[in-house]
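For the numbers below, each heavy atom of this structure counts, side chains included, while hydrogens, waters and symmetry mates do not.
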Number of protein chains: 2
Amino acid sequence: MTSPEPEMTPEPDSKGRLRLWLKLLKVTRSVEADLRESLRTEFASTLPRFDVMSALSRHAEGLKMSELSGLLKVSNGNVTGIVERLVDDGIALREAVPGDRRASRVRLTRKGAEEFARQASEHEHWVNELLGALEADEANAMIEQLDRIIREEAQ
Amino acid sequence: MTSPEPEMTPEPDSKGRLRLWLKLLKVTRSVEADLRESLRTEFASTLPRFDVMSALSRHAEGLKMSELSGLLKVSNGNVTGIVERLVDDGIALREAVPGDRRASRVRLTRKGAEEFARQASEHEHWVNELLGALEADEANAMIEQLDRIIREEAQ
DNA sequence: GGCAGTTATTTCAAGCATAAACCTTTAAGC
DNA sequence: GCTTAAAGGTTTATGCTTGAAATAACTGCC
């Protein structure tokens with residue numbers, strides 16, 4: 001009474017994984033859109049700026065441009081523009097790296113650190129509400145599965 | 001011996017949900033980067049183009065610009081540019097909507113439909129490999145949880 | 001010391017994305 | 001008919017993003 005096995009099924013779960021990917025995309029974009037909107041209306045800022053500030057806030061000693069783009073997994077030229085605007089706004093500053101005149105180190109100004117603290121606190125609330133449908137154990141389980149995807153990708 | 005309830009813990013799982021969000025972002029961006037790279041090298045195309053073609057392929061009768069931007073959840077003006085380039089490349093075309101001279105209907109050309117079929121097939125393989133760390137039941141479970149997030153968001 | 005190769009970063013062109021302003025057409029009241 | 005409001009789209013200004021090319025500085029080798 002079991003259904004007959006089809007002869008040729010090279011990737012049995014293919015459709016399910018595709019569906020998962022589309023759903024992942026949908027959720028991520030939706031949450032991102034909400035966060036962007038909140039950052040815009042509450043802080044007149046953007047997600048890329050927040051991401052850069054977040055990375056800088058975890059490295060008080062500063063980061064080189066290439067370290068920054070490596071952490072955020074974005075292109076090198078991309079960071080140039082974002083940091084430029086942050087510097088113009090007094091949020092970040094560039095320091096010379098002694099012994100290497102090519103490089104510069106970027107870090108948050110006092111004002112930038114204070115501003116980020118405010119934004120990060122709100123950001124955490126927003127995320128907590130947006131993902132409120134999941135309980136702590138569900139969230140942790142999902143984190144583990146996502147970690148497996150990341151590890152596999154890195155080979 | 002039970003631990004006393006803290007007076008003020010408005011959002012106990014806040015940190016876990018924040019971690020989950022950062023992980024979701026990481027996975028999504030990583031997969032997106034791989035897919036973008038593949039689309040670029042194999043088909044000289046981009047993700048936004050693929051998304052538009054995908055939507056159009058599911059609506060052979062064509063879509064109005066506003067329907068398209070609604071489906072993809074992107075801004076109206078955004079779609080204008082992408083469709084413009086697809087039309088220039090002979091992938092899509094615009095038709096007048098009888099009885100409404102404001103609107104136009106976009107659909108894939110024959111060439112566009114064939115091209116999308118090729119790309120979609122490869123795309124499914126890529127996704128299947130990128131998410132290969134998850135089994136079918138895990139994928140399905142995650143889809144359900146993600147659906148809960150989406151539903152909650154819509155209120 | 002010179003110079004080949006590497007590393008750090010910026011610049012550039014093209015495309016993507018948003019929000020806001022705008023234009024045209026349609027629909028609704030009166 | 002005329003006015004007004006809404007709907008469908010495009011345009012514009014600004015910013016994000018990439019990949020490639022350019023620039024500059026450093027490193028090592030002979």
Which residues pass the salt bridge (Lys or Arg N to Asp or Glu O under 4.0 Å) test with B:Glu122, sequence neighbours left out? none

Min and max contacting nt of DNA chain D in 5' to 3' order, chain B heavy atoms within under 4.0 angstrom, are D:dA7 to D:dA20

Shortest non-hydrogen contact from B:Leu134 toward A:Leu20: CD1-CD2, 3.7 Å

What residues 22-40 of chain B contributes to the DNA chain D interface at heavy-atom separation below 4.0 Å is B:Glu37, B:Arg40

Minimum heavy-atom distance between A:Val127 and B:Arg17, given as atom pair plus value: CG1-O, 3.8 Å

DNA chain C: B:Arg101 or A:Val97, which has the more 5' nearest nucleotide? A:Val97

Scan residues 64-107 of chain B for pairs that pass ring pair (Phe, Tyr, Trp, His ring centres under 6.0 Å), counting only residues two or more places apart or in two chains. none

Scan the side chains in residues 65-74 of chain A for donor-acceptor partners under 3.5 Å anywhere in the protein, sequence neighbours excluded, and list what turns up.
residue, atom, partner, partner atom, Å
A:Glu67, OE1, A:Lys64, N, 2.8
A:Ser69, OG, A:Met65, O, 3.4
A:Ser69, OG, A:Ser66, O, 3.1

For DNA chain D, find the residues of residues 73-95 of chain B with a heavy-atom distance under 4.0 Å and give them by number; none if there aren't any. B:Asn76, B:Gly77, B:Thr80, B:Arg94

Partners of A:Phe50 by ring-ring contact (aromatic ring centres under 6.0 Å, His included), sequence neighbours excluded? A:Phe116, A:His123

Just to be sure I understand the geometry, which residues of residues 43-52 of chain B put a non-hydrogen atom under 4.0 Å away from DNA chain C? B:Thr46, B:Pro48, B:Arg49

Closer than 4.0 angstrom, basic N to acidic O: yes or no for B:Glu124 and A:Lys15? yes

Gap separating the CG atom of A:Leu146 from the CG atom of B:Leu131, nearest 0.5 angstrom: 9.5 Å

What heavy-atom pair brings B:Leu56 and B:Ala92 nearest, and what distance separates the two atoms? CD1-CB, 4.3 Å

Just the atom pairs and distances: protein N or O near nucleotides 21-24 of chain C's N or O, under 3.5 Å.
none

Looking only at heavy atoms, which two atoms of B:Ser57 and B:Ser54 are closest? And how far apart? OG-O, 2.9 Å

Residues B:Glu37 and B:Arg40 bridged, charged N to O under 4.0 Å: yes

Would you mind checking if A:Lys26 and B:Asp147 are paired as a salt bridge, meaning a charged N to carboxylate O distance below 4.0 Å? no

Are A:Val27 and B:Ile143 connected, step by step, through hydrophobic side chains (Ile, Leu, Val, Met, Phe, Trp, Tyr) whose heavy atoms are closer than 4.5 Å? yes

On a heavy-atom basis, which atom in A:Met53 and which in A:Leu108 lie closest, and how many Å separate them? O-CD1, 3.9 Å

Can you name the closest pair of heavy atoms from B:Pro48 and B:Ile82 and give their distance? CB-CD1, 3.7 Å

One should read off an interatomic distance between A:Glu32 CD and A:Leu25 CG, to the nearest 0.5 angstrom, of 9.5 Å

Counting only heavy atoms and a strict 4.0 angstrom limit, can you tell me which residues of residues 62-71 of chain A come near DNA chain C? A:Lys64, A:Met65, A:Ser66

Interface polar pairs with nucleotides 2-4 of chain C, N/O, under 3.5 angstrom:
none

Inter- and intrachain pairs under side chain to side chain donor-acceptor pair (under 3.5 Å), touching residues 97-115 of chain A, at least two apart: A:Glu95-A:Arg107, A:Asp100-A:Arg102, A:Glu115-A:Arg118, A:Glu115-A:Gln119

Could you tell me whether a side-chain N or O of B:Glu129 sits under 3.5 Å from a main-chain N or O of B:Trp126, the two making a donor and an acceptor? no

Within 6.0 angstrom of B:Glu61 CD, more than 12 heavy atoms from elsewhere: yes

Let me see the working for A:Arg29 and A:Asp34 under salt bridge (charged side-chain N to carboxylate O under 4.0 Å, His left out), right down to the final yes or no. CA-CA 9 Å; A:Arg29 285 184 180 169; A:Asp34 281 342; over 6 Å; no

